[in-house]
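Step one of this worksheet: look at the structure below.
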Amino acid sequence: MPGATPGHCILATRYSGDVETTDIAKLRKKVAYTRGRRKSIAEAELAEKLISVDSAEALTLARTAFERAEALAADAKTRKAEQRPYLEAQAEALRVYALALKDAQRFAEAEQQMLKAMELSKSLNNVEQLIRCHLLMYLLYRDLGQYQQALDALDRALLIGQQGGYSDDDAELHGGRGIVLALLGLHKESIDAFELGLEIAARRNDHHVRIVVLGNYGTMSLRSDKLAKAEELFRTALDLDEEKKVLGPKEQVAFLWNLIKILRVSGNITGALETVEKGISVASGANLAWDQSLFVLFKAQLLLICADYPQAHTYLQQLRSLEVFKHNSIVAAKYWSLSAQLYSAIRDDGSAATAAQNVLQYLEDIPTDSLHQRLELMGIISSFAAIERAELSVPDYISLFRESIEAYSHSVNHDQTLITGMRLVLGALHEKEAKKEAAFTEYNIALQLCREKNLRLELVRALLGLGRLRNVSDEHTFAVNCLSEALDISIEIGAREWQLKAHRGLAQIFERTNKPAEALYHLQQLRALEQEVLAPRHIFPIWLSRQRSKLEEESEELALLKRAIAELEKQHEAQQRVLQTRDTRIAHLSDSLASVEEQLARVSDESDADYHRRISQLRASIPGILEREGWSEFEAQVSDHDDDFLKRLSLQYPKLTATERKICSLIRLNNTSKDLARLLNIAPRSVQAYRYRIRKKLDLTSATDLNAFILEL
């Protein structure tokens with residue numbers, strides 16, 4: 001999400017902000033109707049504006065402007081005309097060209113062109129241009145993670161300004177120093193630099209620079225886990241913009257995202273919901289479709305945490321109506337993940353399974369080098385709803401997850417909050433695999449990180465995970481402590497979804513430890529909360545239908561069990577008959593084969609070549625005879641067990657092959673996949689492939705169990 005990664009600040013006013021369409025149109029007209037040096041200057045100005053709109057066009061135009069200015073300067077030198085205006089235009093075009101190269105991540109070329117621009121500006125004694133070159137060099141080194149070089153570039157810019165009596169960029173430069181000093185771990189010096197930048201901007205009534213420095217100061221405070229300070233700075237910046245109206249929509253969105261992140265991790269869900277609503281308003285008003293979709297997603301996620309299922313459903317439906325949903329796999333994956341969580345919460349298992357399966361297809365669309373997005377999407381897929389509903393290869397998934405986390409941890413400006421969330425996901429995956437020690441380790445690491453950084457929302461998840469593990473390990477006292485703390489925090493921050501989980505876990509523990517009074521209390525709290533959060537049932541017709549039939553299902557439960565037992569006894573008897581017949585048939589076939597082998601051996605001394613050829617053909621036909629005999633016998637056994645099954649199967653599903661019909665018959669006799677592999681003498685993976693093809697030919701949904709379907713056919 002924009003602004004979500006601490007290193008991504010609004011770094012310098014001249015390279016940030018929103019570009020008005022009217023500005024670009026005017027500049028295009030200026031380029032079209034000017035000539036010579038003025039045309040190259042206009043092209044460079046237009047290229048700088050286009051960098052945040054169309055980077056490819058910006059790079060082409062910047063190169064054109066530079067080449068034009070360079071040719072004009074050379075021509076002026078040949079004509080022995082006044083060169084300075086042409087050289088200044090060339091220096092400016094070089095700087096913009098370097099900026100466009102940096103935006104295209106062609107860093108080596110950008111540095112080379114920037115050094116040329118610096119040298120040219122220095123020879124012209126153009127202090128303002130030289131400072132701007134050093135400022136861009138700072139941005140280049142910062143993006144490369146070369147923080148000491150970035151700091152040196154800023155210090156040189158400040159020194160040049162002092163010597164040349166030029167101080168217009170001082171506030172911005174000190175704000176940049178604050179960022180780099182924080183990245184170097186020099187937090188006290190960083191705060192001093194930010195405060196100095198704010199003081200200079202306020203003294204000059206430069207509200208835009210002041211807001212930008214506040215935003216960068218807030219971002220670096222967030223990076224240092226000073227959540228209260230970061231919140232204060234972002235609120236101050238937004239309040240100042242509310243008064244002065246200097247930020248464009250894109251800048252407002254960036255500030256709002258940072259504030260939302262702070263409010264979320266600190267557990268202020270109410271404040272986060274209010275800020276998200278403001279973000280939706282800003283993004284929709286400015287036609288920022290991508291940002292609007294992310295705000296809507298975040299609102300739905302927060303509402304799910306609050307167990308406000310009707311509102312969450314409303315916002316998810318709003319998301320589906322946005323155009324970006326149809327064209328962006330990340331947005332679609334997040335939508336289906338939240339839908340899986342919603343349907344799981346309201347106990348619509350079929351829809352939850354379908355939604356979880358829809359999430360899985362998107363991981364392959366994310367490039368492996370886009371680690372932040374890849375990890376985020378993997379985290380989405382690994383949500384509890386998706387884990388439970390999707391058919392994941394969990395060991396392979398854990399391995400992939402670890403590799404991605406390891407790579408992301410070594411990337412520049414990685415987000416520790418995301419790493420904490422990923423630790424929780426790994427814990428959940430290990431828990432699903434019943435690897436308690438591995439899960440315990442991940443949850444404990446996450447717990448420690450949450451306490452260090454005061455990440456209250458993630459802290460609840462870590463405590464719930466540890467509580468479940470402690471309960472399974474019969475460490476009931478520790479489990480109660482974890483779940484009780486999780487419950488207290490959940491109540492405090494209004495996370496009703498996790499209140500439900502905490503009450504449910506505590507009720508189970510107290511029931512196991514023979515404490516009926518405490519168990520009854522938490523069960524009562526659980527039921528009351530369920531009634532509260534699931535009361536608006538009108539938008540959930542499937543869930544409502546199930547609730548209405550709940551009493552009928554309970555009254556019929558005993559009868560169903562009796563019928564199931566009778567059916568199992570019948571199947572057991574049929575299997576016994578099949579086994580007896582099979583043993584008899586195998587013995588008979590073994591005797592027959594032995595007899596054939598004996599007869600063949602008697603004629604082995606015959607010299608007739610044709611006769612020997614016929615004998616070889618006979619030998620080769622034995623496996624086929626055995627197969628036909630076996631299948632004929634098997635058909636007879638199935639017919640004995642169920643007269644019409646094979647006939648019904650062939651009539652209703654004529655596309656099934658003989659082998660597939662055989663597998664259906666074996667399933668009908670209650671054979672497991674392991675049994676199928678042994679009986680058919682094939683690998684378990686082949687059995688799964690057959691089952692998949694059979695499901696396709698039977699036109700079964702993911703929610704329908706193949707074994708149950710065949711038994712009921």
Evaluate the criterion side-chain contact (heavy atoms from CB on, under 4.5 Å) for residue pair His207 and Asn205; output intermediate values, then yes/no.
CA-CA 6 Å; His207 304 302; Asn205 288 322; 4.3 Å; yes
Is there a side-chain contact (heavy atoms from CB on, under 4.5 Å) between Val213 and Glu172 once you walk through the steps?
CA-CA 7 Å; Val213 175; Glu172 189 174 340; 6.0 Å; no
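- Rounding to the nearest 0.5 Å places OG1 of Thr60 at 9.0 Å from OH of Tyr97.
- When each of Ile211, Thr219, Asp241 is tested with Phe255 by the rule side-chain contact (heavy atoms from CB on, under 4.5 Å), just one qualifies, namely Ile211.
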Start with the C-alpha distance between Glu48 and Arg95, add both sets of side-chain angles, then the distance that settles salt bridge (Lys or Arg N to Asp or Glu O under 4.0 Å), and finish with yes or no.
CA-CA 10 Å; Glu48 189 166 8; Arg95 183 190 65 79; 3.0 Å; yes
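- Counting all heavy atoms, side chain and backbone alike, Ser190 lies closest to Gly178 at OG-O, 2.7 Å.
- Closest of all the heavy-atom pairs between Ala65 and Ser40 is CB-O, 3.5 Å.
- Ion pairing between Glu458 and Arg264 holds under the 4.0 Å rule for side-chain N and carboxylate O.
- Using modelled atom types, one side-chain atom of Thr314 and one backbone atom of Pro310 make a donor-acceptor pair closer than 3.5 Å.
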Check the pair Ile179 / Phe194 against side-chain contact (heavy atoms from CB on, under 4.5 Å), numbers first and verdict last.
CA-CA 8 Å; Ile179 294 169; Phe194 280 127; 3.9 Å; yes
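- Proximity of a side-chain donor or acceptor of Lys102 to a complementary backbone N or O of Phe107 within less than 3.5 Å is not detected.
- Taking a 6.0 Å sphere around NZ of Lys30, one finds it holds 12 or fewer heavy atoms contributed by other residues, nucleotides or ligands.
- Proximity of Gln499 to Leu529: side-chain heavy atoms (C-beta onward) are separated by under 4.5 Å at one or more points.
- Under a 3.5 Å cut-off, the side chain of Arg496 and the backbone N or O of Cys306 do form a donor-acceptor pair.
- Ring geometry for Trp257 against Phe298 counts as perpendicular: the plane angle is over 60°, on a 0 to 90° scale with 30° as the lower cut.
- Here the NE2 atom belonging to His208 is positioned 14.5 Å from the NZ atom belonging to Lys244, to the nearest 0.5 angstrom.
- Residues Met220 and Leu183 have side chains in contact (heavy-atom distance under 4.5 Å, counting atoms from C-beta outward).
- Taking both residues in full, the closest heavy atoms of Leu154 and Gly176 are given as CD1-C, 3.4 Å, listed atom of the first, atom of the second, then distance.
- A distance of 10.5 Å separates CD1 in Ile260 from NZ in Lys278, rounded to the nearest 0.5 Å.
- At a threshold of 4.5 Å between non-hydrogen side-chain atoms, the residues Lys26 and Lys29 do not count as touching.
- Side chains of His313 and Tyr309 form no contact here, defined as non-hydrogen atoms less than 4.5 Å apart.
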Between Glu67 and Arg63, is a salt bridge (Lys or Arg N to Asp or Glu O under 4.0 Å) present by the stated rule, with each step listed?
CA-CA 6 Å; Glu67 290 174 347; Arg63 183 177 179 83; 3.0 Å; yes
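- Tested against Leu99 for a side-chain contact (heavy atoms from CB on, under 4.5 Å), the candidates Leu136, Leu59, Leu94 yield a single pass: Leu136.
- Residues Ser293 and Leu322 come closest through the heavy atom pair CA-CD1, 3.8 Å.
- Across Ala47 and Leu61, no two heavy atoms sit closer than the pair N-CD2, 3.8 Å.
- When every heavy atom of Ser266 is checked against every heavy atom of Leu227, the shortest pair comes out as CB-CD1, 4.1 Å.
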Does the side-chain contact (heavy atoms from CB on, under 4.5 Å) test come out yes or no for Ile262 and Leu222, once each step is laid out?
CA-CA 7 Å; Ile262 294 165; Leu222 175 58; 3.7 Å; yes
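- Side-chain contact between Trp498 and Leu457 is present, with at least one heavy-atom pair separated by less than 4.5 Å.
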Glu243 vs Arg210, salt bridge (Lys or Arg N to Asp or Glu O under 4.0 Å): CA-CA, chis, key distance, verdict:
CA-CA 13 Å; Glu243 178 186 348; Arg210 186 181 170 196; over 6 Å; no
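- Lys229 has its side chain within reach of Tyr217: a pair of non-hydrogen atoms, C-beta onward, lies under 4.5 Å apart.
- Inter-residue side-chain proximity for Leu449 and Leu455 is flagged as unmet; no heavy-atom pair is nearer than 4.5 Å.
- Note that CG of Leu302 is 12.5 Å distant from CD of Gln311, once rounded to the nearest 0.5 Å.
- Of the inter-residue distances, the one linking Gln341 atom CD with Gln301 atom CD reads 7.0 Å to the nearest 0.5 angstrom.
- Side-chain contact between Leu214 and Phe234: absent, with no pair of heavy atoms (C-beta onward) separated by less than 4.5 Å.
- Between Asp308 atom CG and Leu303 atom CG the span is 5.5 Å, to the nearest 0.5 Å.
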